[in-house]
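What you see is a predicted model; the values in this text were computed from it and never measured. Numbers here simply count residues along the sequence, with the first being 1. Start at 1 and go down the list; that is how both ligands and their atoms are numbered.
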Amino acid sequence: MDKLDVKSRPELFDFHGVCMTHFYTDNWENMQSFHTRPDDILIATYPKAGTTWVTYILELLNFGQTEAQTTIPIYKRVPILEAAFPILQQGLGPSPPMYKGTDHLDNLAISPRIIKTHVPVQFLPKSFWEQKSKIVYVARNAKDTVVSYFHLERMTTLHPEPGDWSNYLQRFIEGKMVFGSWFDHVNGWWEKKQTYSNIHYMFYEDLIEDTGREIDKLCCFLGLSPSAEEKEIIIGKVSFDVMKNDNMVNRSTVKKFDFTKSSFMRKGKVGDWKNHFTVTQDEKFDENYKQKMKNSTLQFRTEV
Ligand code: A3P
């Protein structure tokens, strides 16, 4: 991420019915044939659901506090499975070498590996299902997700140009975002959970409401039992303010992020959408939301 050879913003295109950019499809065959290890833990999310937050919690629960957490950025400790980024190379060459999430993971000598993905459920390599891998899915309400996504895309050329807010909101409703429709994503993984018992489905809003309670649920799912003292340390380390000031999680090391436009650890709140949606946008969004979620049993909170 610190040496990416990205000169212009990528285009969105239809990939098996989902909007994607080539950064997440160029290594598709290798990704599909990826071999999981029995103890791998997958963190799956639609972008901006609190992936980094839960990833850090998972690391602290599994490994405690480590030297790596103070020297290696979290996106290098927990690679993104589908990533396929060109890397800057010294000298002249026709095509730049590529950073591949799968290669990085194959070379990770850590156990368990924590693996990050944003792909919709139908894109997950079959090895995860065959190995009955433990999967943690984090979902966040649509309104705060779209606001957070908008600010992220303003700050990075790794994503398409967001354009203005009102067009962006319309695109989000239509699912024309990197990794596709939020509606399909949260529902797809939710449906999978009904038949595959190794998915722990969590909500960003619940984490905000009571981080300790959600950590307890995660521990139950993962079969971990930290002491009360260890749990207190984790809660402290993953608080928004501490993470915001931690250079190994706040993305300050990513050269392709323009921090004059936004921060990665931006607000960390439920309900910031109220500062972005006009009354008309909100009404229109609610109407579309009701329609798109009419067959879903998923319930989100837009305030806590
Ligand atoms: P905002 O942009 O609304 O502030 P992801 O890691 O999936 O990209 O999600 C990023 C979002 O999670 C950002 O939301 C970020 O601030 C929020 N976040 C990250 N760590 C958090 C924490 N410890 N507490 C609350 N929110 C957190």
Do W28 and M98 belong to the same hydrophobic cluster, where Ile, Leu, Val, Met, Phe, Trp and Tyr are linked whenever their side-chain heavy atoms lie under 4.5 Å apart, directly or via other members? no
Do I208 and ligand 1 have an N or O pair less than 3.5 Å apart? no
Using distance alone, decide if ligand 1 has a nitrogen or oxygen within less than 3.5 Å of any nitrogen or oxygen in R140. yes
Can you tell which part of T45 has a heavy atom less than 4.0 Å from ligand 1: side chain, backbone, both or neither? neither
Which heavy atom of the protein is the closest neighbour of atom 26 (N) of ligand 1, given with residue, atom name and distance? Y204 OH, 2.8 Å
Which residue and atom name correspond to the protein heavy atom nearest atom 6 (O) of ligand 1, and how close is it? T52 OG1, 2.6 Å
In this structure, does ligand 1 have an atom that sits under 4.0 Å from one of the heavy atoms of M243? yes
Do any nitrogen or oxygen atoms of H118 lie less than 3.5 angstrom from nitrogen or oxygen atoms of ligand 1? no
Identity and distance of the protein heavy atom lying nearest atom 23 (N) of ligand 1: V238 O, 2.8 Å
Please indicate whether any nitrogen or oxygen in R266 is less than 3.5 Å from any nitrogen or oxygen in ligand 1. yes
Under a 4.0 Å threshold between the charged nitrogen and the carboxylate oxygen, would K244 count as salt-bridged to D241? no
Judging by distance only, is a nitrogen or oxygen of T51 under 3.5 angstrom from one on ligand 1? yes
Among side-chain atoms of T211 and W53, is any donor-acceptor pair under 3.5 angstrom? no
Under 3.5 Å between any N/O of P47 and any N/O of ligand 1: does that happen in this structure? no
Which heavy atom of the protein is the closest neighbour of atom 9 (O) of ligand 1, given with residue, atom name and distance? G50 N, 3.3 Å
Ring pair (Phe, Tyr, Trp, His ring centres under 6.0 Å) pairs touching residues 226-256, sequence neighbours excluded, are none
Walk me through it: do Y149 and W182 pass the test ring pair (Phe, Tyr, Trp, His ring centres under 6.0 Å)? CA-CA 11 Å; Y149 212 169; W182 174 91; over 10 Å; no
Which segment of M265 sits under 4.0 Å of ligand 1 when only heavy atoms are counted: both
Pair D144 + K267, salt bridge at N-O below 4.0 Å: no
Tell me the side-chain hydrogen bond (donor to acceptor under 3.5 Å, both in side chains) pairs involving residues 108-119, sequence neighbours left out? D39-S111, D40-R113, T45-H118, E82-T117
Heavy-atom contacts under 4.0 Å between S148 and ligand 1: side chain, backbone, both, or neither? both
May I ask you to decide whether E287 forms a salt bridge with K284, counting only side-chain N to carboxylate O separations under 4.0 Å? no
Shortest protein heavy-atom distance from atom 8 (O) of ligand 1, along with the residue and atom involved: K48 NZ, 2.8 Å
For F183, does the six-membered ring have the charged nitrogen or CZ of K292 within the cation-pi criterion, i.e. under 6.0 angstrom from the centroid and within 45° of the normal? yes
Do T156 and D258 have a side chain donor and acceptor closer than 3.5 Å? no
What residue and atom, counting heavy atoms only, is the protein's closest point to atom 15 (C) of ligand 1, and at what distance? F264 O, 3.9 Å
